[in-house]
Each structure stands twice: as C-alpha cells, then as structure tokens.
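Quantities reported herein were computed from a predicted structural model and do not represent experimental measurements.
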Amino acid sequence: EHSRVQKCRAHLPTSERGPADVDVPAYTVIDDCSSQAPPLAKFPDDAEVKYQESIKKREEKLKDLQSEAKPELWNRDGGVYLWDYFTPAYNCPNRERIGRLGDGGKWICDLPRLMQDGACTVFSFGARDDVSFELELASSTKCQIEVHDPTVGGLSSNAVDCDEGYDGDGLGRILRSNPQLRFHKKAIAADRTTSPFLVSGSLGDAMALLGVSFIDVLKVDVEGSEWEVFESLLADPSKDFPVGQLLIELHLDDGMELRQVVDFFSRLEQRGFRIFMNEVNLAPTFTHRKPIAIEYSLIHPMQWRNRAVLRSVVAGSIQPAPQVPKVSACIYFLTHSSRQDQMTQILKELYAHFTKTYPYPVVVFHDDFSEAQISALRAAVPLQELYFETVQFAPPSWLDPKSIPERTKCPPDFLGYRFMCRFHSQEVHQRLGTKYEYHWRLDDDSRIRSQVSYDIFEMMRFHGKKYGFVNAVFDNPPCVENLWPLTREFLEQNQIQPTFFHEYPEGWVFYNNFEVSHRSIWSSDTYKRFMGAVDAANGIFLN
C-alpha cells in the first residue's frame, strides 16, 4: 500500500511533495493523484521556490537577533517585532476569511475544494463563547467539526445543552440544526500530569478516540498553551502530523524565548507546512498593550491535495472507538416497575452518550421488576453488561416499625423515600464495594442529553479524586433538622478535624442524585461511625 502511495506522490509537482517517509494508513489508495484526488487550487509553479527564498532571508535576518545575549523580541526603535520575521510567503490564490470580524475569524485556503468534498474532518481546540468560525464552516461544507474546550460546558457561554425547551440566545437551536458540530469538554495537552485541566489529552488521543487518521483543518486557540503542546507534538520528526491546514493563534507572552518561536516554525516547515497568511490581533493596542497574539494559517500542499487518500472515514461515520474500561467502576440506579419507560429512556441516552464509548457495567437495583420487564429493558439497549439486583426494603432491625410515621414534615414525606435515602447512604455501597472501586449514581429520571467525551472514572482515578458532584444547594430546612448539631457533636467526641465542614453554611448539601464516589468514602471507619451516630439518633426514619 505504501509503495502505491509513493507512486501517487511521484505524480505531484516537486513544489507539492512532502517528506518521503510520510506514513500513510493501509486503506483505499489511488494510483494517480492527478486524475483521482480532489484537485488543489492551482498554486503558482514557483510558489515553493519563493517560499524557500523567504526562509533563507529569514535565517539571514535572524542571525543578528540570535547573536544577542538576550534577544529583544519587541524592537521599538526599529519598529520591528518577532512576527515580522515569519511572513506568509506561500501563495494561496483563493484564501478566504471565515468567522466574525476581529478576534475569532480565521483564514483558510482552498475552501471551494473543501466544499466539494463529501467527507472532511475539522478539529477545533478553543471555542469559549465564539463558534462563528465553526458555524460558518459547517454551513459551507459537509465537514464533521469536533470542538474541544475544557473551560465551558458547551458551545455557548449560556447554553449547556440543546434541550428542545431551551429558550436563550438561540445557539441551542443552531446546534440542533447543525449536527456537524460536536462538543468535547477536553483540553489539548502535551502531558496530562502537568495540564491545569482535569480532562485533557494529546491530539493523538483525540484522533484515536474519534477514529480519525487525518484532519483536514486543525484550528488551535488555547491562550498560550500552544507552545508546550506543539513542542511535544513536533519533537519527533519520524512521527506523522496528519493535518492539511493548521490555523493557530500564537501568544508571545513575557518570558518567551526566541528559540521556541524559531523551532515551532522550523519544525512545521521541515514537515512540509507553509505559511500562507497571518493576522495580528490588535485588540490589546486599544488599551495601550502589546499585540502579543497573532493568527497564522499554514497549509501542507501535498497532504492537502491527497486528503481523500489520507482519510480513513467517510461522511457521517466518525464515531468514538469503544474503549476498554481502565477502572473498576459501575453506574447504578435504584428504580421500580412503574418507572420502566423512564428507565428505558435514560439507559438509551446513557448508551448513546457514554457507555457506547466507555462500556462500564450498569447495575439496576429494584424491588419489583418482573422478568418480562427486565427482558424488555435488555432488548431496548445494547449494553454489554447490564445487571439487575433485587432490593428488599425493611426498617432497621433495631427500630420498632410501629414508631415510624407514614409521613414526615420533610418532602417527599412518604416512607419509601426514607428507605431510598438509607439505601444510597449505606447499603448500595456495601453491595457494590466488594466488586467496584468507583460508583456513579444516577436516578431513573436523570437525563444525559449530550456526549460525555471522556472517561469520568479514569479522570477521577488519574487525579486522585474521591467524590464528584454536580451541584451543592440549600436543602429544605425540615430535611436537615438536627443534622448539623449531630455532626458537630460527632466531630468533637471523635476529635476529628474536618477538611471543609466548617466552611459550608448550615443546610448546604451535595445534590447527590448525580454523584461519582470512591468506595473508600463509604467503607472508611469514620463514615461507618458517623452513620452509627445517625442511626443512634433515629435519623432518616424519625429525625
């Protein structure tokens, strides 16, 4: 397969050839690039010659700067700063700007050809509240656009999901009409151990997860993290960088070294990338600051021309590759027969948005499901590991059933709710803890409406986290009556110094119908003694 692609390479003009050792995956190939590959916009025949001349000029001009003990990257007297050395010397005859005016727009080359493609892949790292580039590209092409950003909950600063009932600034509705856009709450990083974000990974990690071997357009706007990321990404010249165009914002922060910038461009150019456009972000100058950020657009002519060969997927088939669970963990529910329809809905959503990619076991606790209902749930969702466990609710042996009131002043006030509270606080973790380290609790009315693009359990294990929750709220006062005094007394009697109890106002509780926890919390001697104190005070059932 590789030799046939080399034959394909031989048909390319010298100016459009890349490194001879490009590693092309073994799938459909073509014998004649000129006749079967989507044609590239006609670059001038001397484009590569002129680009090489510009590199020589740059190297000559940089000599004086590099010879300085401490190179001055901002030459105020000469009116020159570092970006002036790295000019867009490659001629793209039909470059086009996409996205909003000012910061956020990007320059792209050969968009008409991308518009003709039946399949293409765009990776975008860094979006925050501006997806104008992504939306315009989606409206113009058939590209699948994978947007990654760990700093927001979704593709809008206001809309976290795309619920049909959402009534905000309209972006939720835009996303529903543009299924080409898919959001991943994840950062690109050189090293997970040093990333400031809980959920991060390399470019290769993201590509492997989504089953992508070639990225037509890679957009990167990660506020200064790009230097570390690309230093790692380009360090080994024998490793592929399978990208057609790179649209990146660079940030020249204080403390930056000239070497970092020179190495960044040199390594890209050695791999075959050529600068065809740049644009300085002038926003800081309005407040009398240096314009430290600049947009650069680079194209790899050979890889761009042969993108049909380099892709391993077709339009609409980009799906996360199933991952082998890395952690001993499960997802669990507590439900009953009257909630079968709701359980069917949540299991389908959970499969579509998480367990299809991360096939962790799902355990359904119930007290009255029939065999027919269990069979129906199994048939509705293709979960590999779906288990059903029976629960028998009864008052604690030490408590007289006649002393337990049917109703309390804490809503929901029925007895079944109190059984549920005790089950989640003790029994379920005793039953799961013998087999699973991490337990993710969901209720039968929980909804997973969008893709969870990372392994929640592995993220918690990697960072040493023991408890994850969605929110903390003030509970209804009758529901926590006597709980704070009991806890303070327990801490004092056991001479325990709490880590956060005194920082939380009274009545402030974890919203725990969506929580992920490590079994060590529930099996710890301190927790067992605390629940013993709750039982001794007739908590949950009477208080």
Side-chain angles (χ1 to χ4, degrees), residues 144 146 148 161 179 182-186 192 198-202 204-213 312-313 316-335 339-340 342-366 369 373-389 428-429 431-463 465-468 470 513-519:
Q144 178 69 46
E146 309 289 351
H148 300 73
D161 59 47
R182 185 160 53 182
F183 176 73
H184 309 271
K185 188 177 175 64
K186 183 179 292 186
R192 286 183 65 193
L198 288 178
V199 186
S200 61
S202 68
D205 292 338
M207 294 176 68
L209 175 63
L210 295 169
V212 174
S213 66
S312 63
V313 293
S317 69
I318 300 177
Q319 295 295 330
Q323 305 293 298
V324 177
K326 301 177 182 178
V327 183
S328 172
C330 73
I331 303 158
Y332 81 90
F333 297 86
L334 175 63
T335 187
R339 315 274 280 191
Q340 180 183 352
Q342 286 178 281
M343 276 304 303
T344 302
Q345 177 72 18
I346 178 58
L347 287 176
K348 286 182 176 180
E349 290 183 349
L350 180 65
Y351 175 76
H353 296 137
F354 184 73
T355 55
K356 183 178 181 180
T357 305
Y358 303 101
Y360 283 98
V362 176
V363 182
V364 178
F365 291 95
H366 66 96
F369 269 173
Q373 288 178 308
I374 291 175
S375 297
L377 283 169
R378 290 189 186 281
V381 185
L383 287 168
Q384 294 180 352
E385 294 188 74
L386 176 59
Y387 305 106
F388 292 85
E389 302 243 354
V428 68
H429 301 291
R431 294 176 65 165
L432 295 175
T434 59
K435 188 174 182 180
Y436 305 109
E437 282 190 68
Y438 284 93
H439 314 152
W440 177 3
R441 172 189 170 183
L442 290 173
D443 280 1
D444 53 19
D445 58 354
S446 299
R447 304 296 298 272
I448 309 295
R449 295 184 181 277
S450 57
Q451 193 73 28
V452 181
S453 58
Y454 60 95
D455 184 335
I456 292 175
F457 300 113
E458 199 277 332
M459 178 272 287
M460 292 190 67
R461 181 206 60 78
F462 183 85
H463 292 284
K465 304 299 181 184
K466 296 297 179 68
Y467 187 80
V470 172
N513 63 352
F514 188 116
E515 66 180 1
V516 184
S517 60
H518 190 268
R519 65 185 176 191

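- Side-chain atoms of His148 come within 3.5 Å of backbone atoms of Glu146 as a donor-acceptor pair (strictly under, hydrogens ignored).
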For the pair Glu389 and Tyr387, evaluate side chain to side chain donor-acceptor pair (under 3.5 Å) and give the outcome as yes or no after the intermediate values. CA-CA 7 Å; Glu389 302 243 354; Tyr387 305 106; over 6 Å; no
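- A donor-acceptor contact shorter than 3.5 Å is absent between the side chain of Lys185 and the backbone of Ser453.
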Run Tyr351 and Val362 through side chain to side chain contact (heavy atoms under 4.5 Å, CB included) and show every step you take. CA-CA 10 Å; Tyr351 175 76; Val362 176; over 6 Å; no
Would Lys186 and Leu209 count as a side chain to side chain contact (heavy atoms under 4.5 Å, CB included) here? Give the steps. CA-CA 12 Å; Lys186 183 179 292 186; Leu209 175 63; 3.7 Å; yes
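- The nearest pair of heavy atoms linking Pro325 to Tyr360 is CB-CE2, 3.5 Å.
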Check against salt bridge (Lys or Arg N to Asp or Glu O under 4.0 Å), Arg192 and Glu458: CA-CA 12 Å; Arg192 286 183 65 193; Glu458 199 277 332; 3.0 Å; yes
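- Rounded to the nearest 0.5 angstrom, Leu386 CG and Leu347 CG are separated by 6.0 Å.
- If you take NZ on Lys465 and CE on Met460, they are separated by 8.5 Å, rounding to the nearest 0.5 Å.
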Determine whether Arg461 and Asp455 satisfy the following criterion, side chain to side chain contact (heavy atoms under 4.5 Å, CB included), listing intermediate values before the conclusion. CA-CA 10 Å; Arg461 181 206 60 78; Asp455 184 335; over 6 Å; no
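- Remark: Ser200 OG to His463 NE2 distance equals 5.5 Å, nearest 0.5 Å.
- Proximity of Ile331 to Phe354: side-chain heavy atoms (C-beta onward) are separated by under 4.5 Å at one or more points.
- In this structure, Leu377 and Thr344 approach most closely via the heavy-atom pair CD2-OG1, 3.2 Å.
- Between atom CG of residue Leu383 and atom NZ of residue Lys348 there is a gap of 12.0 Å, rounded to the nearest 0.5 Å.
- With hydrogens and angles ignored, the 3.5 Å screen pairs a side-chain donor or acceptor of Ser202 with a backbone N or O of Asp205.
- Here the CZ atom belonging to Phe333 is positioned 11.5 Å from the CG atom belonging to Asn513, to the nearest 0.5 angstrom.
- One distance of note links CG of Leu432 with SG of Cys330; it measures 4.5 Å at 0.5 Å rounding.
- Side-chain atoms of Phe369 and Val364, non-hydrogen and from C-beta on, do get closer than 4.5 Å to each other.
- Among the candidates Arg378, Gln340, His366, the single residue satisfying the side chain to side chain donor-acceptor pair (under 3.5 Å) test with Gln373 is Gln340.
- For Ser517, the side chain to side chain donor-acceptor pair (under 3.5 Å) partners two or more places apart in sequence, or in a different chain, are Trp522.
- Checked against salt bridge (charged side-chain N to carboxylate O under 4.0 Å, His left out), Glu349 has the following partners two or more places apart in sequence or in another chain: Arg447.
- Taking the six-membered ring where the residue is Trp, Phe457 and Tyr438 present tilted rings, their angle falling between 30° and 60°.
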Show, in sequence, the C-alpha distance, side-chain angles and deciding distance for Arg441 and Val516, and conclude whether the side chain to side chain contact (heavy atoms under 4.5 Å, CB included) test is met. CA-CA 6 Å; Arg441 172 189 170 183; Val516 184; over 6 Å; no
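- Between Phe365 and Arg431 there is a side-chain heavy-atom pair separated by less than 4.5 Å.
- Below 30°, between 30° and 60°, or above 60°: for His439 and His429 the angle between ring planes is below 30°, a parallel geometry.
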Under the side chain to side chain donor-acceptor pair (under 3.5 Å) criterion, do His184 and Gln451 qualify, and how do the steps go? CA-CA 7 Å; His184 309 271; Gln451 193 73 28; over 6 Å; no
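- Shown here are the side chain to side chain contact (heavy atoms under 4.5 Å, CB included) partners of Phe514, two or more places apart in sequence or in another chain: Trp440, Leu442, Ile448, Val470.
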